[in-house]
2 protein chains.
Amino acid sequence: MTNLFANLSEREVKKLMQVLKSNTITYRKNINILSNRTRDDYIAIIESGSLQLMFNDYNGNKTIIEELNAGEIFGSLTYSLNNDEITCITKEETQITYIEYNQITNGEIIKNDFYIIFVKNLIKLLSDQLNRCNQRIELLTMRTTRDKLLGYFNHQAQIKGSKTFIMNITFTELASYLSVDRSSMTREISYLKEEGFIKINNKKITLLY
Amino acid sequence: MTNLFANLSEREVKKLMQVLKSNTITYRKNINILSNRTRDDYIAIIESGSLQLMFNDYNGNKTIIEELNAGEIFGSLTYSLNNDEITCITKEETQITYIEYNQITNGEIIKNDFYIIFVKNLIKLLSDQLNRCNQRIELLTMRTTRDKLLGYFNHQAQIKGSKTFIMNITFTELASYLSVDRSSMTREISYLKEEGFIKINNKKITLLY
DNA sequence: TGTAAAGTGTTGCAATTGCAACACTTATTA
DNA sequence: TAATAAGTGTTGCAATTGCAACACTTTACA
């Protein structure tokens, strides 16, 4: 169950979904899920699984814009999907719940006293997503790969509360997240190790500065 | 009056602000407005004026993360401001309304029937901000300055509904938005002109492809 | 209205980076 | 468990980019 339903009982969630006229779909791996929903005004909640939002540029290249995981929301509330340059692919079996945006304020739902909890959860989810986006923008606007790496490591250290922490994504994913070439990133990491800025043991990073 | 109060009468807005215990502050130009509010959980609405959110890196450089204009919101709902590497400076005289996040669902406010309009406006604002962020991420993740420029121009053409449109920011601001060196960007624009991709007359861009 | 500030365009040069092509290790799954 | 896919590390080379230092134009404002 995602954060959208935090502090709600199972019964309340059931009622909510019913009144919101939500529907849940389970997709197999590698399915393009935006195919026929691109122009609807809806909220999609990832109940389980994960997605990749990709941009197809003019010469056929595909760039990963972002990865979406269980608990996150997407849809028109988060991304203008009104062009066919964007595709959204399931990375694994993925369960998604759809809610039409206008249902959020329909006449019946606001009668329920737990409605305010739902709204607060939704605002929190959007807010969290926005925080993540801004955090990423902060890194993406840095000039060099070195700055991006150190920016990322610093932020992780801050979150984990320690100068030693475990990476919870692969280096390949990190390169994609920072939008740099993976091999160049590896090279820069080597330099950082040589120059004594960091120490790396498998997925364990230690900041030495 | 910002979008947060769309579809609300002046009387309702007044009531709302009162119940939300909001307060409005007017700042002069070049004021650091985050100085003593960084750890509060609040929403700030820019009533008028504009701001620059900046990142101060380890060697004292300042990078503009984003510009915030009238009608936009910021604060903990949009950005984790829990480090002192971020500063937020007024670009001109700027009026800001602060609302504590928890007031949004206080006992008194939910009694008002116009409350749901306010909530819907807030969700819309967050959603718009998120759309803008994701749009920018799409551009920032592009590999070359050329791709970023064409990506930006395409998006503008799509918004304006024409292959000819007027830039509503300066080229200097565009370079900052795309996070590339301004002079390098100008060089790339020259190449695009030479190669017949675009035509530029002052602020009027025409896409020739 | 005159002066300062901001924006624009250009170019040489060095540094960074992406790309490509490897070899090798670790996960995944049929 | 064997085979396939995904992830990691390295390196040469070329292309892109940032930086710096200009000159010039436009805008802001005292």
Side-chain angles (χ1 to χ4, degrees), chain A residues 28-30 49-50 52 57 59-64 67 89-93 139-151 166-195 198-205, chain B residues 28-30 49-50 52 57 59-64 67 89-93 139-151 166-195 198-205:
Chain A
R28 278 174 294 115
K29 191 177 171 175
N30 290 324
S50 58
Q52 274 183 336
D57 67 16
N59 46 35
N61 290 332
K62 288 180 183 199
T63 315
I64 298 167
E67 301 235 349
I89 308 286
T90 54
K91 278 183 71 185
E92 56 198 299
E93 183 172 296
L139 294 175
L140 288 174
T141 53
M142 288 180 177
R143 295 164 199 73
T144 62
T145 302
R146 170 164 298 210
D147 285 340
K148 290 178 183 178
L149 281 169
L150 292 179
I166 309 289
M167 292 259 299
N168 44 17
I169 56 173
T170 65
F171 284 102
T172 302
E173 287 168 332
L174 179 57
S176 170
Y177 179 73
L178 299 177
S179 194
V180 295
D181 180 70
R182 187 198 57 80
S183 62
S184 297
M185 189 188 83
T186 310
R187 172 170 40 200
E188 194 60 40
I189 287 175
S190 298
Y191 294 156
L192 284 171
K193 283 192 281 193
E194 275 174 35
E195 295 172 38
I198 56 171
K199 214 168 65 184
I200 300 188
N201 261 2
N202 199 16
K203 294 237 169 269
K204 195 175 84 176
I205 315 266
Chain B
R28 277 173 296 114
K29 190 178 172 173
N30 291 325
S50 58
Q52 274 182 338
D57 68 16
N59 46 34
N61 290 333
K62 288 180 185 202
T63 314
I64 298 167
E67 300 235 348
I89 307 285
T90 54
K91 279 184 69 184
E92 57 200 297
E93 183 172 298
L139 295 175
L140 289 175
T141 53
M142 288 180 178
R143 294 163 198 74
T144 62
T145 302
R146 171 164 297 208
D147 286 340
K148 290 178 184 179
L149 281 168
L150 293 179
I166 309 288
M167 291 260 299
N168 44 18
I169 56 173
T170 66
F171 283 102
T172 302
E173 285 168 334
L174 179 56
S176 170
Y177 179 73
L178 300 177
S179 194
V180 295
D181 180 72
R182 187 198 57 78
S183 62
S184 297
M185 189 188 83
T186 311
R187 172 169 41 198
E188 194 60 42
I189 287 175
S190 299
Y191 295 155
L192 284 171
K193 284 192 280 195
E194 275 174 32
E195 294 172 37
I198 57 171
K199 215 167 66 184
I200 300 189
N201 260 3
N202 200 16
K203 293 235 169 271
K204 194 174 83 177
I205 315 267

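Within every chain, numbering begins at 1; the chains are lettered A, B, ... in the order of the sequence lines, protein sequences first and strands thereafter. All values derive from a computational prediction rather than experimental measurement.
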Atom pair CD1 (Ile198(A)) and CG (Leu150(A)), whose distance is rounded to the nearest 0.5 Å: 7.5 Å

Full working for side-chain contact (heavy atoms from CB on, under 4.5 Å) between Ile200(A) and Leu192(A): CA-CA 10 Å; Ile200(A) 300 188; Leu192(A) 284 171; over 6 Å; no

Side-chain donor-acceptor contact under 3.5 Å, Ser190(B) with Arg187(B): no

5'-most by nearest nucleotide on DNA chain C - Ile189(B) or Met185(A): Ile189(B)

Whole-Å distance separating the CD atom of Glu194(B) from the P atom of dT10(C): 9 Å

Heavy-atom closest contact (Lys203(A) atom, Thr170(A) atom, distance): NZ-CA, 3.6 Å

Below 4.0 Å: OP1/OP2 of dT8(D) and any side-chain N or O of Thr186(A): no

Minimum-distance pair of heavy atoms, taken over all atoms of Met185(B) and Phe171(B): CE-O, 3.3 Å

dA15(D) phosphate, OP1 or OP2, under 4.0 Å from Thr144(B) side-chain N/O: no

Pairwise 5' ranking along DNA chain D for Val180(B) and Thr170(A), keeping only the more 5' one: Thr170(A)

Taking every non-hydrogen atom, the tightest pair across Leu139(B) and Gly151(B): CD2-C, 3.5 Å

Between the protein and nucleotides 24-30 of chain C, list every N/O to N/O distance that falls short of 3.5 Å.
none

Spacing of Glu92(B) atom CD relative to dA28(D) atom P, expressed in whole Å: 12 Å

Protein-nucleotide distance (Ile205(B), atom CD1; dT8(C), atom C1'), rounded to Å: 13 Å

Euclidean distance, atom CG of residue Leu150(A) to atom P of dT16(C) [Å, nearest integer]: 13 Å

Length of the line joining Glu188(B):CD and dT17(C):P, which is rounded to integer Å: 17 Å

Atom pair distance, as rounded to whole Å: CG in Leu149(A) and C1' in dT8(D): 15 Å

Pairs involving residues 176-185 of chain A, ordered by first then second residue, that meet salt bridge (Lys or Arg N to Asp or Glu O under 4.0 Å) (sequence neighbours left out): none

Under-4.0 Å salt bridge between Lys91(A) and Glu67(A): yes

Integer-rounded Å distance: dT16(D) C1' and Glu195(B) CD: 14 Å

Lys203(A) vs dT8(D): side-chain N/O to OP1/OP2 distance below 4.0 Å: yes

Nearest-Å distance for atom pair CD1/P, residues Ile169(B) and dT27(D): 16 Å

Heavy-atom side-chain proximity of Thr145(B) to Leu178(B) below 4.5 angstrom: no

Enumerate the protein-to-nucleotides 19-21 of chain D contacts in which both atoms are nitrogen or oxygen and the separation is below 3.5 Å.
residue, atom, partner, partner atom, Å
dA20(D), N6, Ser183(B), OG, 3.1

